[in-house]
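Here is the structure we will look at, set down as structure tokens.
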Amino acid sequence: MGLLKRFEQNANETPVKEGAQEAPKAKANEAYLKLKERVWVKTIEALNKESNTDAQVVKDKLDEILQFEAEEVTRPERNRIATELFDDIMGYGPLEVLLSDPSITEIMVNGYDKVFVERQGKLQLSDVTFRDQTHVLNVIDRIVSSIGRHVDEASPMVDARLKDGSRVNVILPPLSLVGPVITIRKFSKTPYTAKDLINFESVSPKMMSFLEACVKGRLNIIVSGGTGSGKTTLLNVLSGFISGNRRIVTIEDAAGYS
């Protein structure tokens, strides 16, 4: 029996006063969250006693504590909890599963309980949520501190980049009215080439040849368009036409391409 189903069954079997009956699913979710929180607290306490807290040590501690705290839980469910908690401790928390999904091109956190994603140009509400606003702030701090930046109420807006080059924009209250807001524009792990754009019918072969000639002829080129229209993709392709012995200088607020 699955973990949530077991919690739900227990919730159904537990007698409660009339008028105080909660939905079994809500009780199951609450029990699941309490288990995760208990394991998280014990793991942090154990890690504070360790001199070495690399990824393997964290995984070992999580497995050890889960075997004791969730011994009746199946191995796949323990692995799921361990993965979620590992992401919280070592990564970007709930965002990790979205960052690893190649079909997602943009992630928008509009408050701790509303995380939207963009797939194939369409926005949709994901089932990913944070525990609370403090949870979001912890992830934000991990993102910006990795590049030596800082964000707080005095300077509530910052642009940053993840290790894979994805662009990040963070806005905090009082500029944001819904709590901490994060927008992540993901970059493809395999950059598109001129051939890809032609295959996508984004440009014709003749137009690509013309653009290549413009770059090699050192002409001025302006690339403009709305968010997600492909400016960075096109700039990456055009930069591939620049000779390897040329120096490239970028002047920008936040790095947009590499």
Non-hydrogen side-chain atoms of T105 and K186 separated by less than 4.5 Å: no
Test item: N48 side-chain N/O and I44 main-chain N/O as donor-acceptor pair under 3.5 Å: yes
Donor-acceptor under 3.5 Å (S176 side chain, G179 main chain): yes
Same apolar cluster: L219 and I222, side chain cutoff 4.5 Å: no
Between OG on residue S166 and CD1 on residue I143, distance to nearest 0.5 Å: 10.0 Å
Side-chain heavy-atom pair M108, E106 within 4.5 angstrom cut-off: yes
Intermediate values then yes/no, salt bridge (charged side-chain N to carboxylate O under 4.0 Å, His left out), K216 and E212: CA-CA 6 Å; K216 292 182 176 178; E212 181 179 359; 2.7 Å; yes
Linked, directly or transitively: F210 and V223 (ILVMFWY side chains, under 4.5 Å): yes
S100 OG to D164 CG distance, which is reported to the nearest 0.5 Å: 11.0 Å
Check: D88/H135 side-chain N/O donor and acceptor closer than 3.5 Å: yes
E37 CD: over 12 foreign heavy atoms closer than 6.0 Å: no
Interatomic distance, F130 atom CZ to L137 atom CG [nearest 0.5 angstrom]: 10.0 Å
More than 12 heavy atoms of other groups within 6.0 Å of F116 CZ: yes
Heavy-atom neighbours of L177 CG exceed 12 at 6.0 Å: no
Full working for side chain to side chain contact (heavy atoms under 4.5 Å, CB included) between L211 and M207: CA-CA 6 Å; L211 291 173; M207 176 57 73; 4.3 Å; yes
Check ion pair E84-R80 (N to O, under 4.0 angstrom): yes
Chi angles and distances behind the side chain to side chain contact (heavy atoms under 4.5 Å, CB included) call for H150, D152: CA-CA 7 Å; H150 180 71; D152 54 25; 2.8 Å; yes
Any donor-acceptor N/O pair, S145 side chain to G148 backbone, under 3.5 Å: no
Closest non-hydrogen atom pair between R119 and S103, with its separation: NE-OG, 3.0 Å
Min side-chain heavy-atom separation L95-V139 under 4.5 Å: yes
Distance-only side-chain donor-acceptor flag, T193 / D196, under 3.5 Å: yes
Min side-chain heavy-atom separation M157-L172 under 4.5 Å: no
Contact summary for A194 and F241, nearest pair of heavy atoms: CB-CZ, 4.0 Å
Approximate separation, where rounding is to 0.5 Å, of Y92 OH and I107 CD1: 11.5 Å
Hydrophobic cluster membership, V57 vs I89, 4.5 Å side-chain cutoff: yes
Expected output: side-chain K61 to main-chain L47 donor-acceptor under 3.5 Å: no
Distance-only donor-acceptor check, side chains Q56 and D60, under 3.5 Å: yes
Main-chain N/O of I65 paired with E69 side-chain donor or acceptor, under 3.5 Å: no
Crowding at NZ, K231 (>12 non-hydrogen neighbours, <6.0 Å): yes
R167-T183 side chain donor-acceptor pair, cut-off 3.5 Å: no
Minimum heavy-atom distance between I221 and V215, given as atom pair plus value: CD1-CG2, 3.9 Å
Expected output: side-chain S155 to main-chain V151 donor-acceptor under 3.5 Å: no
Joint cluster assignment, V181 & I140, ILVMFWY side-chain distance < 4.5 Å: no
Pairwise side-chain contact, D159 with V168, heavy-atom cut-off 4.5 Å (strictly under): no
Closest approach of P156 to P173 (non-hydrogen atoms, all atoms of both residues): CB-O, 4.0 Å
Point-to-point distance, once rounded to the nearest 0.5 Å, from CG of N79 to CG of L66: 9.0 Å
Crowding at CD, E153 (>12 non-hydrogen neighbours, <6.0 Å): no
Contact check, side chains of Y192 and N236, non-hydrogen atoms, under 4.5 Å: no
Trace of the salt bridge (charged side-chain N to carboxylate O under 4.0 Å, His left out) decision for K49 with E45: CA-CA 7 Å; K49 300 175 184 177; E45 290 175 349; over 6 Å; no
Min side-chain heavy-atom separation L98-V115 under 4.5 Å: yes
Hydrophobic cluster identity match, V158 and L162, side-chain contacts under 4.5 Å: yes
Backbone N/O of D63 and side chain of R78: donor-acceptor pair under 3.5 Å: no
Flag if over 12 foreign heavy atoms under 6.0 Å of CZ, F200: yes
Min side-chain heavy-atom separation M208-V237 under 4.5 Å: yes
Stepwise side chain to side chain contact (heavy atoms under 4.5 Å, CB included) test for I184 and I182: CA-CA 7 Å; I184 301 176; I182 310 172; 3.9 Å; yes
Pairwise distance CE(M90) to NZ(K59) - rounded to 0.5 angstrom: 9.0 Å
